[in-house]
Amino acid sequence: MQDPAYAETGPPDMMAEPDGMMPMADVIPPEVLQLRRQMVLLTRLASMSNVAEAIEPEKLSEIGARVVREYKLDRDSRAEWEKTAKRALDIARQKKEPKSHPWPNASNVKYPVLTTASLQFAARAYPAIVDGPRIVKCAVVGRDPGGLKAARADRVSQHMSYQLLHELEEWESDMDVCLHQIPVVGCAFKKVYIDPSSKSGFRSELISALDFVVNQATKSLESVPRATHVFTRYPHEIDERIREGTFLEFDHKGGGEDGDDDDAPHEFLEQHRYWDIDGDGVAEPWIVTVHHKLQKVVRIMPGFDPNAILADPMRGKIVRIPKEQYFVKIPFIPDPEGGFYDIGFGRLLEPMSDIIDTTINQMMDAGTLQNAGGGFIGSGLNLGKAKVSLAPGEYKTVQSAGDDIRKAIVHMEHRGPSPVLANLLTLMIESAKDVASVKDILTGETPSNQTATSTMAAIEQGLKVFTAIYKRIFRALRQEYKLIFKVNQRQLNQPKYFQLLDEPQEVVASDYADDLDVMPTADPNSVTDMQRIAKAQFLMEQVAAGNPFIDGLEATRRALEGARIERIEDILKPPEPDPMQQDGMRAEIDAKKAETIKKVADARVSLAQIGAPLGAPMQIAEPAFMPPPPPGPPPGAGGPGATGEDMDADEMMGGMPPGMGGMPPPDMQGGMPSDLTPQELEAMAMQLGGAPLPSPEAAPVPPGMPV
């Protein structure tokens with residue numbers, strides 16, 4: 001390895017010892033010192049724009065040939081899947097080929113069962129996934145008592161949705177293409193990587209499953225030892241990358257796919273693989289880009305983060321180097337045999353599609369024979385120069401009598417299309433629709449006079465297959481959003497972020513933290529307009545039936561949302577209050593007032609009967625609708641009925657029976673306490689419209705009670 005920036009003793013700032021100190025090798029154990037050197041070397045290599053510049057040409061040639069050889073091994077392992085996928089694409093595109101059986105240019109009809117299935121799936125999935133301006137939402141992890149996390153989640157949701165829909169304009173179109181690809185071939189892939197030239201700072205590139213090659217026995221992208229992305233570049237694009245230093249300089253003339261065309265695209269292999277580049281016995285994740293035809297290494301990039309390397313300083317060993325994730329698989333239906341590549345309708349419908357096409361072509365060929373006719377002509381028939389074929393309305397003159405002509409010409413009998421084939425064709429088409437879940441009710445044809453519940457049940461049963469597929473797609477989208485979230489964590493354009501959200505910098509500076517989880521916003525249980533409308537109709541049926549547990553206003557609002565009515569607030573009118581209900585509420589308030597007046601009067605009489613001092617405060621249950629009483633002196637703190645500051649409770653009660661001091665009447669216990677004087681009670685009773693309270697002088701005073 002040749003690294004001009006790396007000396008044998010390591011970088012001066014980390015490996016050199018200050019003057020007057022012992023050599024580092026005498027202080028640090030050799031294995032720890034070796035570990036430090038390895039970490040420094042990997043860090044310096046990872047900081048290079050192209051690591052291939054620091055590697056000898058012989059090693060580059062060796063790794064280039066190895067990349068191409070292992071790419072072919074992985075591609076051979078998926079040969080059967082690739083053959084089926086390519087054939088499915090031809091069927092979905094209605095590609096026609098000449099047919100020579102049973103005669104040249106015989107009927108070769110391709111019934112569009114796969115085309116219909118893929119179009120129906122994409123038509124339902126696309127508006128369900130890209131549904132409105134908020135295609136990304138964030139779920140808060142952990143407690144959020146002040147709502148700060150929820151506010152952050154809303155800002156991140158707004159920002160990431162803006163990035164995908166406005167700054168990354170190709171994302172939505174790629175999603176549209178993806179939803180047409182996966183029902184045919186079985187899966188597709190997304191590649192998320194940093195790109196400073198993009199407005200968003202990253203790319204989320206759609207990759208066809210045919211251009212992403214891993215071994216068929218692979219279990220997951222996280223554990224795969226190598227994965228190859230196949231892409232093409234035109235000669236002028238290659239020259240641009242050489243001039244900017246992205247690619248090593250090499251002679252690419254004649255390396256195109258078409259040797260006769262100098263402007264033909266060149267095929268490159270970008271292989272994400274493990275390779276022990278520094279010879280320390282630990283294979284590191286690297287991204288090696290190789291020209292396929294020339295087997296020339298043009299670029300090597302690190303596939304790991306140097307700060308994430310896990311090492312054991314005590315033993316001086318690197319334990320693990322985590323691999324950076326760039327790819328996300330968008331699946332359709334898992335392979336029953338456990339293969340890495342998922343299957344689509346192309347594989348599921350292939351046998352039935354062959355039967356349907358063969359049956360249709362046989363019936364059309366039989367009809368052609370029946371319509372065209374044909375047979376034998378006896379050798380003794382003299383037709384002269386007349387031709388056997390006749391145009392419509394044409395008559396020919398021959399040298400033989402009519403009776404001789406009838407005897408000399410024998411027609412070949414063609415019975416035409418068989419009714420058995422017609423029945424078989426109907427059966428196979430219905431079976432194909434069952435597999436593809438393409439039913440009349442899902443294509444917009446619903447029976448008349450059918451309730452919303454029945455329609456919703458039929459749609460749900462018809463969409464069982466699609467609903468499961470949607471959930472797999474949402475799972476893949478969640479992984480893609482997480483990769484984008486990590487990219488924003490690393491290099492977020494802070495000024496643009498602040499400007500977009502119009503929030504202070506100190507508020508949103510830490511929005512992209514690790515305590516948020518992102519997930520797609522689409523609902524897999526409402527993936528068609530018919531489902532939403534059926535649910536809305538069900539709610540309105542419950543309101544019309546008088547269900548007491550259904551809020552009519554809220555049900556109407558949700559029904560309008562299900563019908564995609566815009567500006568609901570402008571047309572939704574809250575119900576007017578019921579006058580009879582208002583009268584009932586007034587009567588209830590008046591009754592409570594009268595009851596309060598009675599309790600106040602009874603309390604005043606009870607106070608006089610037990611002989612309490614006239615100026616002593618008393619505890620009265622305060623109604624909930626009364627205003628709080630004005631503050632007054634605390635009980636026993638003096639007042640009109642007090643005899644002095646040092647008067648104790650026994651003196652104030654003046655000979656009352658033991659245990660009665662300071663206790664309110666039994667009917668007043670347990671209420672809300674309120675310190676009101678008799679004068680305040682009388683004023684309150686008069687204000688509420690009641691009779692005046694009995695005068696304190698009119699009440700009998702027990703013997704011994706101070707006046």
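For the residue pair Y234/E240, the side-chain donor-acceptor check at 3.5 Å is not satisfied. Between the side chains of Q120 and R124, a donor-acceptor pair is found at a separation under 3.5 Å.
The nearest pair of heavy atoms linking L221 to K329 is CD1-N, 4.0 Å. The two residues P331 and C187 make their nearest non-hydrogen contact at CA-CB, 4.2 Å. The two residues R226 and V224 make their nearest non-hydrogen contact at O-CG2, 3.0 Å. The two residues G256 and K293 come nearest to each other via the heavy atoms O-NZ, 3.3 Å. The shortest non-hydrogen separation linking F250 to K296 is CB-CE, 3.9 Å.
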List the steps and the verdict of side chain to side chain contact (heavy atoms under 4.5 Å, CB included) for Q271 and E70.
CA-CA 10 Å; Q271 192 169 95; E70 294 180 348; 4.0 Å; yes
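Rounding to the nearest 0.5 Å places CZ of F340 at 11.5 Å from CG of D335. Atom CD1 of I333 and atom CG of L348 lie 5.0 Å apart (nearest 0.5 Å). The CG atom of N215 sits 10.5 Å away from the NZ atom of K219 when rounded to the nearest 0.5 Å. For the atom pair CD1 (I182) and CZ (F345), the distance works out to 10.0 Å, reported to the nearest 0.5 Å.
In this structure the side chain of H252 reaches within 4.5 angstrom of the side chain of D239, judged on heavy atoms. Within the 4.5 Å cutoff, the side chain of T359 has no heavy atoms near those of the M428 side chain. Contact of the K110 side chain with the I91 side chain is not registered, since no non-hydrogen atoms from C-beta on lie closer than 4.5 Å. Annotation: side chain of L168 is in contact with side chain of S198 (closest heavy-atom distance under 4.5 Å). Looking only at side-chain heavy atoms (C-beta outward), D365 and L369 stay at 4.5 Å or farther from each other. Inter-residue side-chain proximity for L248 and R299 is flagged as unmet; no heavy-atom pair is nearer than 4.5 Å. At a threshold of 4.5 Å between non-hydrogen side-chain atoms, the residues E80 and R78 do not count as touching. Counting only heavy atoms from C-beta outward, the side chains of M352 and V113 never approach each other to under 4.5 Å.
Both tests do not hold together for K191 against F189: distance to the six-membered ring centre under 6.0 Å, angle to the ring axis within 45°.
Ionic pairing of E82 and K86 is present here: one or more N-O contacts between side-chain nitrogen and carboxylate oxygen are shorter than 4.0 angstrom. One finds a salt bridge joining D403 and K407 here, because a Lys/Arg side-chain nitrogen approaches an Asp/Glu carboxylate oxygen to under 4.0 Å.
W171 pairs in a side chain to side chain donor-acceptor pair (under 3.5 Å) with only one of the listed residues (Q163, E480, H166), which is E480.
Aromatic ring centroids of H292 and Y71 lie under 6.0 Å apart. For F121 and Y470, the ring centers sit closer than 6.0 Å to each other.
Ring geometry for F231 versus F268: interplanar angle under 30°, hence parallel rather than tilted (30 to 60°).
The neighbour count for E62 CD, taken as heavy atoms of other residues, nucleotides or ligands under 6.0 Å away, does not exceed 12.
For residues 397-418, no residue pair satisfies the ring pair (Phe, Tyr, Trp, His ring centres under 6.0 Å) rule, not counting sequence neighbours. Residue pairs that meet the ring pair (Phe, Tyr, Trp, His ring centres under 6.0 Å) test with at least one member in residues 91-111, sequence neighbours left out, do not exist here.
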